[in-house]
Amino acid sequence: MVQLCHDAGAKPVHAERIVASLFRHYNSDMEAIPDLPKILRDYLATHTSIFEPECTALQQAEDGTRKLLLKMPDGKEVETVLIQGPGRLTQCISTQVGCAVGCTFCLTATAGLTRNLSAAEMAAQVIAGQKVGDYQVRNLVLMGMGEPLHNYDEVSRFLSIAANPKGMAFSPNRITLSTSGLVPGIYKMIEDRLPCNLAVSLNATTDEVRDRVIPINKKYPIHELLKAVRDYIKARGNKRVLIEYVMLAGVNDSLEDARRLCQLVEGMGCTVNLLPFNAFAGSPYKSPSDAAVSAFRDILVKAKIIAVVRSSRGNDISAACGQLKTEVALRRKSKI
Ligand code: SAH
Ligand code: SF4
């Protein structure tokens with residue numbers, strides 16, 4: 001933006017005001033920004049364009065969770081979800097159209113990867129969310145469609161807007177990036193000190209099972225992945241990491257799994273998030289019983305591991321974890 005002001009022949013000091021208007025006040029009308037020199041207004045009008053995706057669907061679930069379908073300039077649709085908390089919102093951001101990882105329990109995986117989203121397209125999701133929400137969006141989770149570390153550069157650019165005090169001004173502690181376990185990407189996060197928390201989808205306690213549910217485990221097996229996580233925690237000054245664990249009935253929800261999980265994360269100082277599988281039509285997996293989930297959790301708690309069962313939100317509008325898939329993609333699939 002500073003460069004833009006310079007190119008327009010205006011002072012760089014105006015850059016800050018434009019950025020604040022776009023990213024903190026969610027106002028994209030340059031005319032409404034006070035005190036911009038005419039030369040700069042004219043330059044912006046002729047040399048830049050404001051990108052605002054069209055909201056093609058807005059659904060609200062009984063629990064207040066809202067799902068927005070946003071149409072990008074090339075017609076591709078992306079979902080973002082607003083999850084209501086007490087006096088605040090958490091927004092789930094998509095980082096890709098589809099996903100290439102191919103986890104066998106995930107609905108997004110069934111369509112494969114269409115393309116990466118740009119940093120602007122991620123920022124546009126936040127702006128759209130802030131505009132429809134009753135409360136301010138306080139937390140961002142990169143847990144929508146896509147594998148964020150497969151789109152590292154654009155995700156990193158987006159985070160530099162989201163976490164910049166002069167940009168969207170989210171606290172880096174209130175942004176969480178979730179990965180299926182791309183080891184080189186985790187080391188890159190350490191190197192770049194990416195301004196966010198790390199969440200890792202472990203989802204299994206043996207390589208035999210993890211190979212089946214997350215195919216990239218064959219490339220980055222459990223011990224390599226957890227070594228990277230431990231290195232991350234150390235390098236980031238004992239930063240607490242979130243270990244996500246999708247529970248699939250009869251596949252990874254046994255008490256032996258719970259005990260193995262305790263051993264795997266021993267001394268790590270992590271929080272474990274248990275996600276009972278959200279079933280969808282055509283999936284080979286089943287959701288675990290409530291009893292299986294609490295017995296599993298009890299074992300972790302006894303081993304002094306903080307374990308939270310993530311209640312599924314927005315189930316009635318398919319906005320829950322792993323259910324983000326556009327109607328467009330579903331329609332396309334039904335034609336095949
Ligand atoms: N690609 C990233 C982030 C998006 S998925 C990742 O895999 O971590 C966000 C979370 O939803 C992951 O922990 C994933 O394991 C979980 N998930 C995917 N499908 C699910 C389903 N059907 N039920 C419950 N959780 C699911
Ligand atoms: Fe991709 Fe995450 Fe779904 Fe796996 S769980 S297919 S990494 S979005």
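The first residue in the sequence is number 1, and the count goes up from there.
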Worked check of side chain to side chain donor-acceptor pair (under 3.5 Å) between Asp153 and Ser156: CA-CA 5 Å; Asp153 291 346; Ser156 160; over 6 Å; no
When you check the gap from the basic side-chain N to the acidic O, do Arg24 and Glu16 get nearer than 4.0 Å? no
Is a side-chain donor-acceptor pair under 3.5 Å present for Asp63 with Thr65? yes
Does the pair Lys188 and Asp192 meet the rule for a salt bridge (Lys or Arg N to Asp or Glu O under 4.0 Å), with working shown? CA-CA 6 Å; Lys188 198 137 195 330; Asp192 298 347; 3.3 Å; yes
So which heavy atom on Arg88 is nearest to which on Arg138, and how close? CB-CG, 3.9 Å
For Asp207, is there an ion pair with Arg210 - N to carboxylate O distance below 4.0 angstrom? no
Evaluate the salt bridge (Lys or Arg N to Asp or Glu O under 4.0 Å) criterion for residues Arg310 and Glu244: first the C-alpha distance (whole Å), next the side-chain angles of each, then the deciding distance (0.1 Å), finally the verdict. CA-CA 9 Å; Arg310 200 194 285 170; Glu244 295 164 285; 3.1 Å; yes
In the hydrophobic cluster built from side-chain contacts under 4.5 Å, what are the other members alongside Val301? none
May I have the step-by-step check of side-chain contact (heavy atoms from CB on, under 4.5 Å) for Ile175 and Asn139, ending in yes or no? CA-CA 6 Å; Ile175 307 175; Asn139 300 289; over 6 Å; no
Within the 4.5 Å heavy-atom criterion, are Val97 and Val78 side-chain neighbours or not? yes
With a 4.5 Å limit on heavy-atom distance, are the side chains of Leu140 and Val137 in contact? yes
What closest approach, in Å, do Met168 and Ala123 show between heavy atoms, and which atom pair accounts for it? CE-O, 3.6 Å
State plainly whether the residues Glu79 and Lys67 are in salt-bridge range, i.e. N to O under 4.0 Å. yes
For residues 265-294, which residue pairs qualify under salt bridge (charged side-chain N to carboxylate O under 4.0 Å, His left out), counting only residues two or more places apart or in two chains? none
Could Lys227 and Asp231 be called an ion pair, given the rule that one side-chain N must be under 4.0 Å from one carboxylate O? yes
Check: Ile306 and Arg240 side chains under 4.5 Å, non-hydrogen atoms: yes
Write down the atom of Gln84, the atom of Arg66, and the distance for their closest heavy-atom approach. OE1-NH2, 4.4 Å
Going by heavy atoms in the side chains, are Arg212 and Asn217 under 4.5 Å from each other? no
Would Lys76 and Glu121 satisfy salt bridge (Lys or Arg N to Asp or Glu O under 4.0 Å), going step by step from the backbone distance to the final call? CA-CA 11 Å; Lys76 295 282 178 292; Glu121 289 171 321; over 6 Å; no
Quick one: do the Ser180 and Glu147 side chains pair a donor with an acceptor below 3.5 Å? yes
pair Thr179-Val200: side-chain heavy atoms closer than 4.5 Å: yes
Measure across Val265 and Cys270 and return the closest heavy-atom pair with its distance rounded to 0.1 Å. CB-SG, 3.8 Å
Within a strict 4.5 Å, meaning less than it, do heavy atoms of the Leu300 and Leu261 side chains meet? yes
